[in-house]
Amino acid sequence: MYNIAVIGGDGTGPEVVREGIKVLKSAGDKFTIKFDFHYYDFGGDRYLKTGDTLPDTAITELKQYDAIYLGAIGHPDVKPGILETGILLKLRFTLDQYINLRPIKLYPNVETPLANKGPEDIDFIVVRENTEGLYCSIGGFLKKGTPDEVATQEMVNTRKGVERCIRYAFEATRKRNKKKTLTLCAKTNVLTYAHDLWWRVFMEVSKEYTDIKPEYAHVDATTMWMVKNPEWFDVIVTTNMFGDIITDLGAMIQGGMGIAAGGNINPEGVSMFEPIGGSAPKYTGKNIINPLAAIFAAQMMLDVLGEEQAARAIEESAVKTISRMKSMAAGKMGFTTTEIGDMVADGV
Ligand code: IPM
Ligand code: MN
């Protein structure tokens with residue numbers, strides 16, 4: 001029995017999460033897994049009504065769950081930054097979800113903008129550090145609003161944070177058992193302190209994983225290879241900011257935001273799973289958004305919870321559903337949001 005906290009969030013978040021839950025319930029019936037879903041209303045609407053984003057009491061409560069299933073955070077009437085830092089980043093940080101796991105996998109029958117590349121070429125995962133780097137909100141202004149203004153934003157890299165992320169990535173590479181190659185994506189030629197730490201820890205830990213080939217690519221080159229030779233990658237490990245950027249590129253080459261999922265993972269605590277596409281406010285309530293990203297997030301949730309068989313069944317059913325769809329884009333799928341959810345749920 002799994003207790004799952006559900007935060008539908010903003011825009012199309014609740015709609016796609018509904019389909020993911022439909023699929024989870026169906027997988028649960030088939031594989032005799034029980035779920036208990038508890039719904040929370042954190043998001044833009046609640047903030048506009050009450051002024052609060054995520055009260056501390058909620059954090060204490062959320063720590064009791066087996067996992068958190070998140071739709072999307074981002075509201076057109078709320079100034080950028082408030083909900084992102086107040087809800088999404090606060091959850092990642094306070095629950096110490098130090099890994100952001102983002103598979104970049106092109107499924108058969110999904111269109112990629114890369115010419116002459118197919119599912120055999122685009123299949124890797126990005127392990128993004130999720131609690132440090134440029135995301136720590138340390139910094140400030142001096143002489144704000146004047147011509148002499150100074151703005152700083154510090155990048156935090158701790159030995160502990162870097163090492164646990166790199167270790168997770170080596171383990172993930174071993175578990176995948178594909179090319180047995182782990183690429184560190186950083187910028188050691190410019191960030192000669194921060195990324196020197198990453199490089200040293202990477203090389204040191206790699207000595208314990210002699211079955212894994214350690215590779216290195218600067219982040220700018222990484223974006224180049226992701227477009228030109230995505231087949232080179234197996235697992236990429238990288239910093240918070242770089243991971244944010246390259247996984248949006250990754251989402252595009254795997255067929256778009258409609259199918260890209262991510263997991264915010266605390267291997268020793270509570271993890272949170274989400275479609276990475278955002279709240280897509282213009283599609284809200286129209287039943288045209290693609291729920292597959294949320295469904296793949298649910299699949300990842302099961303996988304991390306140790307329900308690997310059920311996770312595989314969801315993936316296989318989603319792949320079958322994809323073969324019937326016209327496109328991965330909202331409004332062009334040939335089916336409604338709920339129909340896609342029904343199809344995947346029926347097929348598990
Ligand atoms: C993501 C998002 C977030 C991030 C934003 C919404 C804070 O872009 O999950 O990739 O930058 O991590
Ligand atoms: Mn992002």
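Every number for a ligand or one of its atoms is a count from 1 in the order of the listing. Numbering of residues begins at 1 and proceeds along the displayed sequence. Only a predicted model underlies this, so the values are computations on that prediction, with no experimental measurement involved.
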Looking only at protein heavy atoms, what sits closest to atom 7 (C) of ligand 1 is Glu84 CB, 3.9 Å
Test item, Asp244 contacting ligand 1 (heavy atom, 4.0 angstrom) = yes
### Query
Can you tell me if Tyr135 and Asp244 form a side-chain donor-acceptor pair at under 3.5 Å?
yes
Got Thr239 and His195 here, is their nearest side-chain heavy-atom distance under 4.5 Å?
-> yes
In this structure, atom 5 (C) of ligand 1 is nearest to the protein heavy atom Leu88 CD2, 4.2 Å
Atom CD of Glu308 with >12 non-hydrogen neighbours under 6.0 angstrom = yes
shortest atom 9 (O) of ligand 1-to-protein heavy-atom contact is with Arg92 NH2, 2.7 Å
Nearest non-hydrogen protein atom to atom 1 (C) of ligand 1, with distance, is Arg102 NH2, 3.3 Å
Original post:
Are side-chain heavy atoms of Met272 and Leu88 found at a separation under 4.5 Å?
Top reply: yes
Compute the centroid of each ring, for Tyr168 and then for Phe170, and state whether the two points are separated by less than 6.0 Å. no
Among non-hydrogen protein atoms, atom 4 (C) of ligand 1 lies closest to Tyr135 OH, 3.5 Å
Look at atom NZ of Lys25 and say whether more than 12 heavy atoms of other residues, nucleotides or ligands are closer to it than 6.0 Å.
-> no
**Request:** Side-chain contact test, heavy atoms from C-beta onward, threshold under 4.5 Å: evaluate it for Lys160 versus Tyr98 and give yes or no.
**Result:** no
Query raised in the report: Measuring from the heavy atoms of Met241, does anything fall under 4.0 Å of ligand 1?
Result: no
Paired with Lys90, the side-chain hydrogen bond (donor to acceptor under 3.5 Å, both in side chains) test is passed by just one of Thr53, Thr85, Asp56, namely Asp56
Report for the Mn ion (ligand 2), protein N, O or S closer than 2.8 Å, by chain and number, lists Asp244 OD1
### Task
Check whether any side-chain heavy atom of Ile166 sits under 4.5 Å from a side-chain heavy atom of Val162, and report yes or no.
yes
